[in-house]
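Just below is one structure, and these are the notes that go with it.
Just so you know, residue 1 is the first one in the sequence shown, and it goes up from there. Both ligands and their constituent atoms are indexed starting at 1 by order of listing. As the structure is a computational prediction, the values presented were derived from the model and not from experiment. In what follows, every heavy atom counts, from backbone to side chain, and hydrogens, waters and symmetry copies are set aside.
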Amino acid sequence: MKLLEYQGKELFTEYDIAIPKSYLAKNHSELSQVADKLKFPVVLKSQLTVGGRGKAGAILKCMKKEELEPKFTELLNKKVKGEYPSVILIEEAVDIGKELYLSLFLNRGKRTYSLISSAEGGMDIESVENKVIQDISITGLTQAIAESIGKNLGISGVTAESFSNIVIKLAKLVREKEAELAEINPVAILRDGTCLALDAKIIIDDNSIFRHPELRKYIQISELQEQAEKSGFSFVELDGDIAIIGNGAGLVMSTLDIVNDAGGKPGAFLDFGGRATTETIYKALEVISKLKKVKAILVNLFGGIVRTDLVAQAILDAYKDGMISVPIYARISGAESDKAKQMLSNSKAKLFDTVEEAISSLVQYIGLSK
Ligand code: GDP
Ligand code: MN
């Protein structure tokens with residue numbers, strides 16, 4: 001999983017690696033909420049998973065407030081390598097003396113971490129000159145080694161101290177978050193000689209994300225949707241606040257109709273087409289957990305193909321892991337449904353004998369919560 005720059009920088013803050021003061025805005029109303037707090041000049045940075053934003057014109061400097069709105073609009077509408085930004089990072093500009101390059105990556109072939117540093121950062125790593133590549137032990141990274149890295153770059157004094165601190169903290173981050181890559185390009189040397197991370201590129205090992213529930217919020221809905229499709233179910237996002245999970249297109253469509261007739265507004269539906277396991281239902285709930293607008297989930301599963309106890313287990317796991325907190329209204333008929341009922345009896349999931357009862361109760365709950 002590739003983190004966006006601002007997400008990487010959130011981890012930097014957690015690890016006490018200095019970054020510029022910044023704000024996020026997804027749209028004009030969010031922009032107007034932060035506009036008055038900004039100290040100009042600021043740099044607007046399109047949040048994209050692709051690199052080379054500087055060259056593509058997706059990083060724009062605003063000298064004064066009047067430039068903010070038009071440049072923000074320009075970035076929101078600018079596609080880079082097929083990608084539109086989901087959000088714009090607004091950073092107070094810093095006065096840069098010099099730019100360095102630093103990255104740590106998992107060197108699978110060598111079964112170790114390697115560190116790349118260069119006194120000439122700022123551009124693509126391919127064109128960074130005088131790279132120094134060395135294998136390091138991130139578990140035994142000593143102050144002395146971190147300092148020697150700075151020395152190789154020809155920096156000294158407060159800059160060397162500040163840089164080696166970043167190396168040590170980044171190594172800690174990489175180890176604890178199980179990152180495959182953490183790159184800071186550039187590390188900016190400020191006029192006072194201290195170092196600051198101006199950019200962040202972090203890739204977390206997909207196979208280890210299950211060990212990091214705190215990183216789950218960074219999984220993008222498009223990635224989840226892709227995974228969902230790989231798991232064999234279809235997912236469609238709608239405008240309302242009720243998520244519907246069902247098995248079979250016909251059942252899901254008629255469930256949508258009943259919800260609408262009862263005055264509810266579907267916000268998404270997921271169709272399992274029968275291949276429901278604990279894992280796929282959990283994945284479905286994970287997709288739904290990304291939709292902040294969802295206030296309640298309706299599960300309508302019918303037929304002997306579904307092992308309802310497996311569905312119940314996924315629901316229990318999702319609550320236990322803190323992935324979802326909204327109530328689930330379920331009609332689950334199929335094999336082992338008595339066992340499923342018993343499993344869910346002490347959870348936030350309520351079971352009903354008919355889908356009409358489940359929907360009527362759900363719609364009533366949404367009405368009360370408004
Ligand atoms: P990338 O092109 O996607 O790697 O984006 P970066 O975040 O690395 O920004 C590209 C370049 O923009 C940097 O190397 C800097 O030279 C410049 N830049 C970014 N933020 C600032 C800032 O706050 N002040 C100044 N002076 N330059 C900046
Ligand atoms: Mn960069």
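What sits closest to atom 6 (P) of ligand 1 on the protein, heavy atoms only, is Asp199 OD2, 3.4 Å. Looking at atom 2 (O) of ligand 1, its nearest protein heavy atom turns out to be Gly54 N, 2.8 Å. Nearest protein heavy-atom neighbour of atom 19 (C) of ligand 1: Leu198 CD2, 3.8 Å. Residue, atom and distance of the protein heavy atom nearest to atom 5 (O) of ligand 1 are Ile59 CD1, 3.0 Å. Among all protein heavy atoms, the one lying closest to atom 7 (O) of ligand 1 is Lys45 NZ, 2.8 Å.
Checking only distances, Val94 does come within under 3.5 Å of ligand 1, N or O to N or O. Considering both main-chain and side-chain atoms, Asn185 comes within under 3.5 Å of ligand 1 through a nitrogen or oxygen pair. Considering backbone and side-chain N/O atoms, Glu91 never comes within less than 3.5 Å of an N/O atom of ligand 1. For Ile96, no nitrogen or oxygen atom sits less than 3.5 Å from a nitrogen or oxygen atom of ligand 1, counting backbone and side chain alike.
Taking each heavy atom of Ile219 and Glu286 in turn, the nearest pair found is CD1-OE2, 3.9 Å. Across Ala179 and Leu106, no two heavy atoms sit closer than the pair O-CB, 4.5 Å.
Aromatic ring pairs are classed by plane angle as parallel below 30°, tilted from 30° to 60° and perpendicular above 60°; the pair Phe72 and His28 is perpendicular.
For atom 15 (C) of ligand 1, the choice among Lys61, Glu99, Lys201 with the nearest heavy atom turns out to be Glu99.
A salt bridge between Arg111 and Asp135 is absent, with no side-chain N of the basic residue lying under 4.0 Å from a carboxylate O of the acidic one. Taking 4.0 Å as the cut-off between side-chain N and carboxylate O, Lys293 and Glu237 count as a salt-bridged pair. A salt bridge links Lys64 to Glu67: one of the charged nitrogens lies within less than 4.0 Å of a carboxylate oxygen.
Within a 4.0 Å radius of atom 11 (C) of ligand 1, the protein has no heavy atom.
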- Would Lys177 and Tyr15 satisfy side chain to side chain contact (heavy atoms under 4.5 Å, CB included), going step by step from the backbone distance to the final call? CA-CA 11 Å; Lys177 301 297 184 192; Tyr15 283 84; 3.6 Å; yes

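A 6.0 Å sphere centred on CD of Glu214 holds more than 12 heavy atoms belonging to other residues, nucleotides or ligands.
Taking the side chain as every heavy atom from C-beta outward, Asp199 and Lys201 never approach each other to under 4.5 Å.
Excluding waters, the count of protein N/O/S atoms less than 2.8 Å from the Mn ion (ligand 2) comes to 2.
No heavy atom of Pro20 sits closer than 4.0 Å to any atom of ligand 1.
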